[in-house]
There are 2 protein chains.
Amino acid sequence: MNKIEEKCKTKGVRLTDQRRLIAKVMSEATDHPDVDELHKRVSKIDKKVSIATVYRTVKLFEESGILEKHDFKGGKARYEQSPDTHHDHLIDVNSGEIIEFVDDEIENLQNKIAEKYGYKLVDHRLELYGSKIKKN
Amino acid sequence: MNKIEEKCKTKGVRLTDQRRLIAKVMSEATDHPDVDELHKRVSKIDKKVSIATVYRTVKLFEESGILEKHDFKGGKARYEQSPDTHHDHLIDVNSGEIIEFVDDEIENLQNKIAEKYGYKLVDHRLELYGSKIKKN
DNA sequence: ATAATTGCAAATGCTTTGCTTGTGA
DNA sequence: TCACAAGCAAAGCATTTGCAATTAT
């Protein structure tokens, strides 16, 4: 059984064939698929799963803290399995490739800034968009 | 004449009554209105301006570097006049209020991270979401 | 004069939802 | 059993677009 299914059990999220399948596909994903792409992958295994169910399921999983939703620039929402440790994203503007990174210094600075203005940081979004430097 | 109108002249963007009006309203805005709100403010002065024109105009202004578009969490795109110096945003999750801030250290770190992965930073998005700390 | 702009309504693209039938615990 | 989930198609929401009429230079 995969991590997502396990989390469903822990959190009391009822499992169905469709949810199990979506859990499996998302568990095996190494990228950040959007709903359409996820539906395509799921459909390869079971054609009968509707896109509405995929939408409902990713929403449910997100609300349960099982998946993380990202609204990167340029359109549709994309999902990844909720990571154990927080990371941010560097997006290749040419290929669409996504690199995950962690930087404690930036995380600290963000908290400091919020504090400075009298706020408690409850959420944040840090996305870097870059293009590959060609090596000579 | 306001700053936005001036920029239109400089950049060769043709001015119409509608565009002049939108330029005026955005010039006077101290917040980050969405298209609907902008249309409301414009309509108070001229009811005949259509929302389609507002959409077309903010898009045009954005592409000309006159306005900056932001897709903060939770729905519609919001706009502000392109600032002279870059800043990021701290959004009050309760009131929706937006605080602009500048932090050179974070800016530098972002460049360093992109570099570290072999990328040139072409764009970025840093948004902090916080709730006010109550003073006792 | 004439290429660009507007207003309107229809179309779009992503996402959600009402309803009826099916199903997991 | 029976509250919840799935499938389908229709609806929703922000945004875009085709087209005929209007306007800026």
Side-chain angles (χ1 to χ4, degrees), chain A residues 1 4-26 32-43 45-64 66-79 96, chain B residues 1 4-6 8-25 32-43 45-64 66-79 96:
Chain A
M1 187 173 30
I4 296 179
E5 259 193 63
E6 274 169 23
K7 283 189 188 168
C8 285
K9 292 244 160 99
T10 306
K11 293 166 193 280
V13 171
R14 182 187 268 184
L15 279 166
T16 63
D17 288 350
Q18 292 87 333
R19 290 183 184 172
R20 248 184 284 268
L21 184 44
I22 291 166
K24 174 183 156 65
V25 171
M26 280 307 297
H32 300 66
D34 59 44
V35 171
D36 214 57
E37 173 60 27
L38 177 52
H39 182 236
K40 270 181 203 149
R41 294 183 195 175
V42 161
S43 297
I45 307 176
D46 181 352
K47 285 190 206 312
K48 293 181 305 302
V49 178
S50 79
I51 188 114
T53 295
V54 179
Y55 271 107
R56 278 193 272 239
T57 303
V58 291
K59 190 176 200 181
L60 172 69
F61 283 0
E62 195 216 339
E63 286 163 355
S64 311
I66 294 169
L67 290 183
E68 224 171 65
K69 180 184 185 179
H70 300 292
D71 290 288
F72 298 135
K73 295 195 182 198
K76 10 198 170 179
R78 305 172 60 165
Y79 291 85
Chain B
M1 187 174 28
I4 295 179
E5 259 192 63
E6 274 169 23
C8 286
K9 292 245 161 97
T10 306
K11 293 166 193 278
V13 171
R14 183 186 266 186
L15 279 165
T16 63
D17 289 349
Q18 292 88 332
R19 289 182 185 172
R20 249 183 285 268
L21 184 45
I22 291 165
K24 175 183 156 64
V25 172
H32 301 65
D34 58 44
V35 171
D36 213 58
E37 173 61 26
L38 177 52
H39 182 236
K40 269 181 202 148
R41 294 181 195 176
V42 161
S43 297
I45 307 176
D46 181 352
K47 286 190 206 311
K48 294 182 304 301
V49 178
S50 78
I51 188 113
T53 295
V54 179
Y55 271 107
R56 278 192 272 238
T57 303
V58 292
K59 190 175 200 182
L60 172 70
F61 284 1
E62 196 216 338
E63 286 163 356
S64 311
I66 294 169
L67 290 182
E68 224 171 64
K69 179 184 185 180
H70 300 292
D71 290 287
F72 298 135
K73 295 194 184 199
K76 10 199 171 181
R78 304 173 61 165
Y79 291 85

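Everything numeric here is computed off the predicted structure, so don't read it as measured data. Residue numbering restarts at 1 for every chain, and letters A, B, ... go by the order of the sequence lines.
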Would one find a side-chain N or O of [X] under 4.0 angstrom from OP1 or OP2 of [N]?
X	N	value
B/Lys76	D/dC13	no
A/Gln18	D/dG7	yes
A/Lys59	C/dT16	yes
A/Thr53	D/dG7	yes
B/Arg19	C/dT6	yes
B/Tyr55	D/dT16	no

Hey, which of these two, A/Asp71 or B/Ile51, hits DNA chain C nearer its 5' end, going by closest nucleotide? B/Ile51
Rounded to whole Å, please give me the gap between CZ in B/Arg14 and P in C/dT6. 9 Å
How close or far is atom P of D/dA5 from atom CZ of A/Phe61, stated in whole angstroms? 11 Å
Select one nucleotide: of [options], the one nearest the side-chain heavy atoms of [X].
X	options	result
B/Val49	C/dG7, D/dC8, D/dA5	C/dG7
A/Ala77	D/dA5, D/dC8, C/dT15	C/dT15
A/Arg56	D/dC8, D/dG18, C/dT15	D/dC8

Does the side chain of B/Val54 reach to within under 4.5 Å of the side chain of B/Ser50, using non-hydrogen atoms? no
Donor/acceptor link under 3.5 angstrom from A/Arg20 side chain onto base of C/dG24: no
Does A/Asp46 or B/Thr16 map to a spot on DNA chain D nearer the 5' end, using the closest nucleotide for each? A/Asp46
Tell me what B/Leu15 touches on the nucleic acid: a base, only sugar-phosphate, or nothing, going by heavy atoms under 4.0 Å. sugar-phosphate
